[in-house]
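Working notes, beginning with the structure itself.
Chain identifiers are assigned alphabetically (A, B, ...) following the order of the sequence lines, protein sequences preceding nucleic acid strands; residue numbering begins at 1 within each chain.
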Protein chains: 2
Amino acid sequence: MNQKSDKTEEKILEAAKSVFLKKGMEGARMQEIADEAGINKALVHYYFRSKEKLFTAIFTNVITYAFPKISKILLSDSDIITKIEQVIDAYIGVLLKHSYIPGFLMKELNRDPSGLFKIIAKYGFNPEPVIGAIQKEMDEGRIIQMDPRHLIVNIISMCVFPFAARPIVQYVGFRDDPVATQHFLEERAEVLKKFIVNAIVIKQKE
Amino acid sequence: MNQKSDKTEEKILEAAKSVFLKKGMEGARMQEIADEAGINKALVHYYFRSKEKLFTAIFTNVITYAFPKISKILLSDSDIITKIEQVIDAYIGVLLKHSYIPGFLMKELNRDPSGLFKIIAKYGFNPEPVIGAIQKEMDEGRIIQMDPRHLIVNIISMCVFPFAARPIVQYVGFRDDPVATQHFLEERAEVLKKFIVNAIVIKQKE
DNA sequence: GTCTATATCATGATAGAC
DNA sequence: GTCTATCATGATATAGAC
């Protein structure tokens, strides 16, 4: 492999990721990607024939990154509470480091979800075992009875939404102060763990 | 006022709302709006000088609609639990009827939140009284102690996110079955009320 | 592989007839 | 007020020199 080729391709991918995450498929401009990569516009087309193909490459990369091995954690040997706490830490940790991801995904999934579908189908993600594992814990009386799907959606919602809706949270909740907002989001892992555990554990009578 | 003018303007607004909600500012095409209104493209520009102006009209309309009088409910005379239940019913009710709104708002707020800021500033929405009211209930021992902001964000997250992320919920959770997904979303008001009440009420020892 | 120049096309916006 | 025709711009994509 050519050294120059490798470096350029990498630069393009990095620039494309940055631009696509901020602007989305329709808002992004090939010129901007080229500029950010420090090369010519035509060269972007030389490596990735079209904007569509370049976007798909980035989208796939982001999706596979944003779908961490949640199911692996949930299917481990730990008890349900530990699993949930680990999932929350994992989710919030990723979101704190890559805060553009939720907004980007919301944008693109409402535009055209077919890309996501293909990737999920390819990786064969299946929620049934997770649902079954949660149901078992409920049947054994460790946590309250409820539809496991709703529990899963509740947890993911509380993790992801504040990041996806960050501009609103910042403006309405913190008078547009980005530092206070960041601090608020950093607190969320601890807050959520307490909140969810309190919501679902069955308290033993002493 | 001219009758013809009124009807045409109304038709344009209706068409624009439909197209903008589905495609967003950058995805929408003036041609498509004209087609859906059953008129000529030039006529859209005759009524609303630019795409930007037309979008602002729609955006303002949607925002003022999507921000229901949540704070009014929260500041009423009812106890905190009743208030929360009313807010959840109000939120889910609106979202079930206008399911495009969350996706649209997520998209546009991550693109350019300044439009939202102007509108909120104009309407003078202020979260402080709501936060204060919740804090009071906590101090009086009716619900558990936690940062009221986190509680508010938790509630809104669990209401809105499943609608904003509907394509994912449908594909991952329900094998892309829209009927099952719709049913799931309709259940959420009842599920959420139980879940949140269980999470925050302080159980009295008998 | 990398660049400049250009083809091609789509879109927002306007001019001008009726 | 409404239409047809057209402009002006800006974007993707390609051709061809180096």
(request) Would you tell me if any nitrogen or oxygen in the side chain of Thr8(A) comes within less than 4.0 Å of OP1 or OP2 on dG1(C)? (result) no

Tell me: [atom1] of [X] to [atom2] of [N], nearest whole Å?
X	N	atom1	atom2	answer
Leu43(A)	dT14(D)	CG	P	14 Å
Ile33(A)	dT12(D)	CD1	C1'	12 Å
Ile12(A)	dT12(D)	CD1	C1'	15 Å
Tyr47(A)	dC3(C)	OH	C1'	13 Å

(request) Report yes or no: is the cationic atom of Arg188(A) (NZ for Lys, CZ for Arg) closer than 6.0 Å to the six-membered ring centre of Tyr91(A), at no more than 45° off its axis? (result) no

(request) Measure from NZ or CZ of Arg111(A) to the centre of the six-membered ring of Phe59(A) and say whether it is under 6.0 Å with the direction within 45° of the ring axis. (result) no

(request) Check the angle between the aromatic planes of Phe55(A) and Phe20(A) and answer parallel, tilted or perpendicular using the 30° and 60° thresholds. (result) perpendicular

(request) Answer yes or no: is there an ion pair linking Lys7(A) with Glu10(A), defined by an N-O contact shorter than 4.0 Å? (result) no

(request) Could you tell me the separation between the CD1 atom of Ile200(A) and the CD atom of Glu137(A), rounded to the nearest 0.5 Å? (result) 9.0 Å

(message) Treating primed atoms plus P, OP1 and OP2 as sugar-phosphate and everything else as base, which nucleotides of nucleotides 11-18 of chain C get B, S or - for protein heavy atoms under 4.0 Å?
(response) SBBBB---

(message) If only side-chain N and O atoms count, and only distance matters, is there a donor-acceptor pair under 3.5 Å linking Asn110(B) with Lys107(A)?
(response) no

